[in-house]
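Some notes on the structure that comes next.
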Amino acid sequence: MTQHSILLAAVAAVVLTASPALAQQADAARLNEHVRVLASDEFEGRGVATPGEQLTVDYLVGQFQALGLEPGGPDGSWVQTAQLGRTRQAGSATITVSSGGASRALARGPDLLVSSDRPVDRITVTDAAVVFAGYGVSAPERGWDDFKGMDLRGKILLVIVNDPDFGAPEGHPVAGRFDGNAMTFYGRWTYKFQEAARRGAAGVLVIHDTAGAGYPWSVLEGSSTAPKFDIVRADPEAERVPAQGWIQGPVAEQLFRDAGLDYAALRDAARTPEFTPVALTGVTMSIDFGQTADRIESRNVLARIPGATHPDETVLYGAHWDAYGRATPVGDDDIYNGAVDNATGLAGLIELARLFKAGAAPERSVVFAAWTAEEAGLLGAEYYAANPVWPLETTVANINIDSFLPGEVSPQIVVMGAGKSETDVWLERRATEQGRTLIPDPAPQAGGFYRSDHFPLAKMGVPALFGAAGFTGHNAASRDYVANRYHKPSDEWTPEWVMDGAAVDVDLLYLVGRDLADSRAWPEWNAGAEFEAARAASAAARTAE
Ligand SMILES: [Zn+2]
């Protein structure tokens, strides 16, 4: 069954209740104004733990307060404070490859990107053996183990980006083993770094290719000098490798040649479950760099409209407030303004709050969350998922907003993770009324469903709805954005921006959230979705009364 036919089957199975018409419509000019302010240079790219954070938090709280919402954080506060570990590059890095009695330097930036989430001020890895570990995946439930018990302690692992079946030709035995070209969690760099740490490796470098990563090297390189954040870990030595990062494809290929190996052939071998790690005999790598490591506090902003009849049940809207702050300059611009990503989402949150306040009080509560540190690994949402202010078992759904494209209305709405839950059905009904259609993620190989803030909550069982109008990959605006602006200083607001399309998207997300808030229904994960069991565990907490 294709993702789309799952959608259609689900539509037939659920009967929806009528819902009020729009008391007001989202206002494109208001959306535009919020983005103008939040993405201005004054906010310095909304970096976590920078002056931009304070400006952003103040702006959001001011808007929610003016609209008459209540604080939604702990103890009547507007914010939930999360303690995060922060590491920042200090000085240059020395990276040396030795083989056959000769050694050469690799440059951090153009050749390789490396950092550490360990809370230490210097990382030194000396003459480590280099091992190719295939896709770096251990997935017993899929009958896959790239490691085969090999001792990888103290070694630097090279691993292929994405899943073992990504890009496999049709009919290849591996095809479909990891959900086809849709990226699973095993394809994500976050997973590969963690798995390497569990194996005691000294380092892990993901071999970059643009198709497999979903973005070009320039996207990684540009944001690489921004501070890195992590939740505060009880045992960082066990959970984090000393050195983690990415290596350019051609640079990695040279390492294989140095060891007399053919990367193309090994890459093919890595597509089989029989693969065992291959040492790059005679090649060693040394990595040395300084960093500053400290702890900071950052904040999720939370605002709430209490439900009239079921205040203990929550429809949760979320959007991350952070961008990359100030990082590697491109030209003379070092401010990563994050206009599309994700000032537009914040503008949407504020407009949604306004629409809810313009109508009757919802039956269930509605919470608006602006998450911190999404770009650093979904950390604000992860913190909330571990420390929920409003119970997750009675959170009806999490409607995530991560980027509206400026421009006119898109006839198509991309659904990330289409077919995973019944929230699709609620979206489809309202989209159809608008004369629009839903399509599955056109680039599932990029793992979009695992790359935004609904994911940590989904892992805890909360049904997710993540739609992105216009990101179809076919229109000029989305192609231009992904190629030229995404995660770059050029993701900026300009006076030419038109938010007419985003306004219709906000109307749509409002209607869906309003339908859910005024309903007694609990949308479920569909059979086979990876979060079904987590949700089922708390079924007793949910009633239809
Ligand atoms: Zn984003």
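Each ligand, and each atom within it, is numbered from 1 in the order the structure gives.
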Where at least one partner belongs to residues 391-415, residue pairs that pass salt bridge (Lys or Arg N to Asp or Glu O under 4.0 Å), sequence neighbours excluded: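 The answer is none; no pair qualifies.
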
Please give the atom name: the N, O or S atom of [X] nearest to the Zn ion (ligand 1).
X    : result
D402 : OD1
H320 : NE2
D341 : OD1

Examine H487 together with Y215 and report whether their ring centres are nearer than 6.0 Å.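 H487 vs Y215: aromatic centres not under 6.0 Å.
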
Establish, for the pair K192 and Y135, whether the NZ or CZ atom is under 6.0 angstrom from the six-membered ring centre and no further than 45 degrees off its axis.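 The answer is no, since K192 fails at least one limit relative to Y135.
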
Do the side chain of R86 and the main chain of F229 share a donor and acceptor less than 3.5 angstrom apart?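 No, because the side chain of R86 does not come within donor-acceptor range (under 3.5 Å) of the backbone of F229.
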
